[in-house]
Amino acid sequence: VQLQASGGGLVQAGGSLRLSCAASGSIFSINRMGWYRQAPGKQRELVATITSDGNTNYADSVKDRFTISRNNAKNTVYLQMNSLKAEDTAVYLCHAVGLDYSGSRVSALDAWGQGTQVTVSS
């Protein structure tokens, strides 16, 4: 299973960006999809997650600014980021947890995308 993220870029503080991440390959089901981020010299941190039935979870630092959503039919997750701040600058990585096909068997899926750079200028 591959995750392809897109939508990053350079934006001024206060601006908006929308990230997308599409999963493809031998997918049986995806339970949870999410976004994490990693800034230079810092640990990877949770941004937001969403389950297949729409339950969401956000880091306190992004609540009320970011919105996660997904299209289950397209195995795609989105992150709408508003009121961006300089401290949101990071590589954003998408993540998927579920089940995939391995040959004729179903096995656990835990996949990461390649990341997309978000840079917010102050």
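Just so you know, residue 1 is the first one in the sequence shown, and it goes up from there.
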Could you walk me through whether Lys42 and Arg37 satisfy the side chain to side chain contact (heavy atoms under 4.5 Å, CB included) test, starting with their C-alpha distance in whole Å, then the side-chain angles of each, then the deciding distance to 0.1 Å, before giving a yes or no?
CA-CA 9 Å; Lys42 294 188 177 182; Arg37 66 187 181 187; over 6 Å; no

Verdict with reasoning, Met81 to Leu19, per side chain to side chain contact (heavy atoms under 4.5 Å, CB included):
CA-CA 8 Å; Met81 305 185 293; Leu19 306 183; 3.8 Å; yes

Carboxylate-amine/guanidinium contact Lys63 Asp60, below 4.0 Å
yes

What closest approach, in Å, do Leu46 and Ala59 show between heavy atoms, and which atom pair accounts for it?
O-CB, 3.3 Å

Met33 side, atom CE; Cys94 side, atom SG - distance, nearest 0.5 Å
6.0 Å

Does either side chain, that of Asp100 or that of Ser107, offer a donor lying less than 3.5 Å from an acceptor on the other one?
yes

Between Thr119 and Gln117, do the side chains contain an N or O donor and an N or O acceptor separated by less than 3.5 Å?
yes

Taking Trp112 as the starting point, is it possible to reach Val91 by hopping between hydrophobic residues whose side chains are less than 4.5 Å apart?
yes

Within 6.0 angstrom of Asp53 CG, more than 12 heavy atoms from elsewhere
yes

Could you give me the CA-CA distance, side-chain angles and deciding distance for Thr67 and Tyr58, then say whether side chain to side chain contact (heavy atoms under 4.5 Å, CB included) is met?
CA-CA 9 Å; Thr67 302; Tyr58 293 93; 3.9 Å; yes

Here the gap from Arg32 atom CZ to Ser52 atom OG, rounded to the nearest 0.5 Å, amounts to 10.5 Å

Candidate pair Arg65 and Asp88, rule side chain to side chain contact (heavy atoms under 4.5 Å, CB included), full reasoning
CA-CA 11 Å; Arg65 298 189 299 122; Asp88 294 319; 2.7 Å; yes

Flag, side chain of Thr51 to backbone of Asn55, donor-acceptor distance under 3.5 Å
yes

Under a 4.5 Å side-chain heavy-atom rule over Ile, Leu, Val, Met, Phe, Trp and Tyr, are Leu3 and Trp35 clustered together?
no

Backbone N/O of Lys74 and side chain of Thr76: donor-acceptor pair under 3.5 Å
yes

Looking at Tyr78, is Arg70 sitting on its ring face, NZ or CZ under 6.0 Å from the six-membered ring centre and within 45 degrees of the normal?
no

Which word best sums up how the rings of Tyr92 and Phe66 line up, parallel for under 30°, tilted for 30 to 60°, or perpendicular for over 60°?
tilted

Any chance you could measure Leu109, atom CG, to Ser102, atom OG, to the nearest 0.5 Å?
11.0 Å

How about Tyr36 and Arg44: does a side-chain donor come under 3.5 Å of a side-chain acceptor?
no

Checking side chain to side chain donor-acceptor pair (under 3.5 Å) for the pair Ser16/Asn82: CA distance, chi angles, key distance, verdict?
CA-CA 4 Å; Ser16 299; Asn82 299 328; 2.9 Å; yes

The reported gap from CG in Leu99 to OG in Ser29 (rounded to nearest 0.5 angstrom) is 4.0 Å

Atom CD1 of Ile27 and atom CG of Asn75: how far apart are they, to the nearest 0.5 Å?
4.0 Å

Does Val77 share a hydrophobic cluster with Val118, counting links as ILVMFWY side-chain heavy atoms below 4.5 Å and allowing steps through other members?
yes

Treating Thr49 as the side-chain partner and Gly34 as the backbone partner, does any N or O pair qualify as donor plus acceptor under 3.5 Å?
no

Between Ile30 and Val1, is there a shared hydrophobic cluster once you connect ILVMFWY residues whose side-chain heavy atoms come closer than 4.5 Å?
yes

Without swapping roles, check the side chain of Thr89 against the backbone of Val120 for a donor-acceptor pair under 3.5 Å.
yes

ILVMFWY cluster, Val62 and Val11 together (side-chain gap under 4.5 Å)
yes

